[in-house]
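Since we're looking at a predicted model, the values are computed, not measured.
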Amino acid sequence: MDQGAGRAGAGPLDLNADLGEGFGAWRLTEDDALLDLVTSANVACGFHAGDPATMRRVCDRAVARGVRIGAQVGYRDLAGFGRRRIDMAPDDLRDDVLYQIGALDAFAHAAGDRVRYVKPHGALYNTIVEDEEQAAAVVEAVRDYDPALPVLGLPGSTWLRQAAAAGLVAVGEAFADRAYTPAATLVSRREPGAVLHDADAVVARSVRMATDRTVLSATGTPVPVQARSLCVHGDTPGAVDLVRRVRDALRAAGIEVAPFA
């Protein structure tokens, strides 16, 4: 089933953020404050960031607030924060993803809930937009764990196409604070302006994506954005205030903010 084609009519829009992205004594995201605002939490599973204590804490607090828990799976790359592509054998990638889902699900169960969806992180997310082999490996991992789990990704990607073909619920997402190419993909973080920091602009484009289902690319051309979920990165400076403003602006525009899972 493919929900990457967008929201029917004026249906609700999910608001997600990447959380639990610290490690040991290091803290990157303001998890508690963001959990008061988002409807879905993409929780790092220990490979690009996160550790058992962090996963437990975020799951406990997400369940207490009614926020859906998603497994944010990535390459085994703590040093690079999962933002470096790794040319992995498909079986190895499948098993790494399966491992991460299971690890987070243990803490979600301990908190009284379960993992509700899967979202790749960073370089893995971008790689499987086009890479057939790696996309297939991630799809296989999700199917092996629970074929009823929805998956979140870029509309039109190889990842969502393969997921839908395999019978998974494929959910498209848009990015409030990332620049888009004219082809409706994300501008590489290696390029200047890939991450947007103008709060007014981020809020305005979020409402436009939710209501008109378009966004201006980095070259100024409008591109279609068909999504059921909207991501604001938790590690963006001022993320808490930004997410609050985006949520409030969506509601003011008549958009219901509610989880997809």
Side-chain angles (χ1 to χ4, degrees), residues 14-65 67-86 88 93-111 113-128 134 138 141-142 145 149-154 159 173 175 177-178 186 189 195 229 231-237 239-240 243 259 261:
D14 177 59
L15 186 59
N16 78 75
D18 304 340
L19 302 180
E21 290 188 320
F23 187 80
W26 303 100
R27 295 288 181 266
L28 180 62
T29 50
E30 297 184 58
D31 295 332
D32 285 353
L34 288 167
L35 284 168
D36 287 331
L37 301 170
V38 300
T39 50
S40 296
N42 317 314
V43 184
C45 299
F47 273 34
H48 78 276
D51 55 50
T54 301
M55 287 190 279
R56 176 182 280 275
R57 183 179 65 252
V58 174
C59 286
D60 285 346
R61 294 172 185 179
V63 171
R65 292 164 170 80
V67 174
R68 301 296 189 265
I69 297 169
Q72 190 175 37
V73 298
Y75 292 125
R76 190 189 297 264
D77 181 28
L78 279 175
F81 197 59
R83 288 182 176 158
R84 300 179 294 189
R85 175 173 176 157
I86 299 178
M88 298 183 66
L93 178 58
R94 176 201 62 204
D95 293 344
D96 273 6
V97 171
L98 184 62
Y99 182 98
Q100 292 174 79
I101 299 170
L104 185 65
D105 201 32
F107 292 111
H109 273 281
D113 200 357
R114 58 184 173 83
V115 165
R116 300 292 190 123
Y117 64 95
V118 175
K119 174 183 173 176
H121 164 81
L124 180 59
Y125 187 104
N126 291 323
T127 295
I128 60 179
Q134 290 209 6
V138 182
V142 177
Y145 192 83
L149 275 180
V151 298
L152 196 58
L154 196 70
W159 154 239
E173 73 169 334
F175 289 84
D177 53 1
R178 288 294 308 277
L186 300 180
R189 284 181 177 268
V195 180
S229 185
C231 177
V232 182
H233 284 90
D235 61 341
T236 298
V240 174
V243 174

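Although no hydrogens or angles enter the test, the distance criterion places a donor-acceptor pair under 3.5 Å between the side chain of Arg68 and the main chain of Ala261. The main-chain N or O of Ala41 is never found under 3.5 Å from a side-chain atom of Asn16 such that the two would form a donor-acceptor pair. Asp96 places no side-chain N or O within donor-acceptor distance of the main-chain N or O of Arg76, the cut-off being under 3.5 Å. Using a distance-only test at 3.5 Å, with no hydrogens or angles considered, no donor-acceptor pair links the side chain of Trp159 to the main chain of Asn126. Within the 3.5 Å criterion, the main-chain N or O of Gly22 finds no donor-acceptor partner in the side chain of Thr54. Using modelled atom types, one side-chain atom of Gln100 and one backbone atom of Gly74 make a donor-acceptor pair closer than 3.5 Å.
For Arg116, the salt bridge (Lys or Arg N to Asp or Glu O under 4.0 Å) partners at least two apart in sequence or on another chain are Asp113. Residues forming a salt bridge (Lys or Arg N to Asp or Glu O under 4.0 Å) with Arg178 (at least two apart in sequence, or on another chain): none. Among residues two or more places apart in sequence or in another chain, the side chain to side chain donor-acceptor pair (under 3.5 Å) test is passed with Arg85 by Asp131. Taking Asp36 as the reference, Arg65 meet the side chain to side chain donor-acceptor pair (under 3.5 Å) condition, with sequence neighbours excluded.
Side-chain contact between Tyr99 and Asp95: absent, with no pair of heavy atoms (C-beta onward) separated by less than 4.5 Å. Proximity of Val67 to Val38: side-chain heavy atoms (C-beta onward) are separated by under 4.5 Å at one or more points. Between Leu93 and Leu124, some side-chain heavy-atom pair lies under the 4.5 Å cut-off. Side-chain contact check for His48 versus Leu78: every heavy-atom pair is 4.5 Å or farther apart.
Using a 3.5 Å distance cut-off with no hydrogens or angles, the side chains of Asp14 and Ser229 do pair a donor with an acceptor. Inspection of the Asn42 and Tyr117 side chains reveals an N or O donor paired with an N or O acceptor under 3.5 Å. With 3.5 Å as the limit, one finds a donor-acceptor pair spanning the side chains of Tyr125 and Glu173.
For residues 15-24, the pairs satisfying salt bridge (charged side-chain N to carboxylate O under 4.0 Å, His left out) are Asp18-Lys119, with sequence neighbours left out. Applying the salt bridge (charged side-chain N to carboxylate O under 4.0 Å, His left out) rule to pairs touching residues 24-35 yields Asp32-Arg61, sequence neighbours excluded.
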Task: ring-ring contact (aromatic ring centres under 6.0 Å, His included) evaluation trace for His233 with Phe175 - done: CA-CA 8 Å; His233 284 90; Phe175 289 84; 5.6 Å; yes
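One finds no salt bridge joining Arg114 and Asp105 here, because no Lys/Arg side-chain nitrogen approaches an Asp/Glu carboxylate oxygen to under 4.0 Å.
Just one residue in the list Phe81, Phe47, Tyr75 forms a side chain to side chain contact (heavy atoms under 4.5 Å, CB included) with His121, and that residue is Phe81.
More than 12 non-hydrogen atoms from other residues, nucleotides or ligands lie less than 6.0 angstrom from CZ of Arg83.
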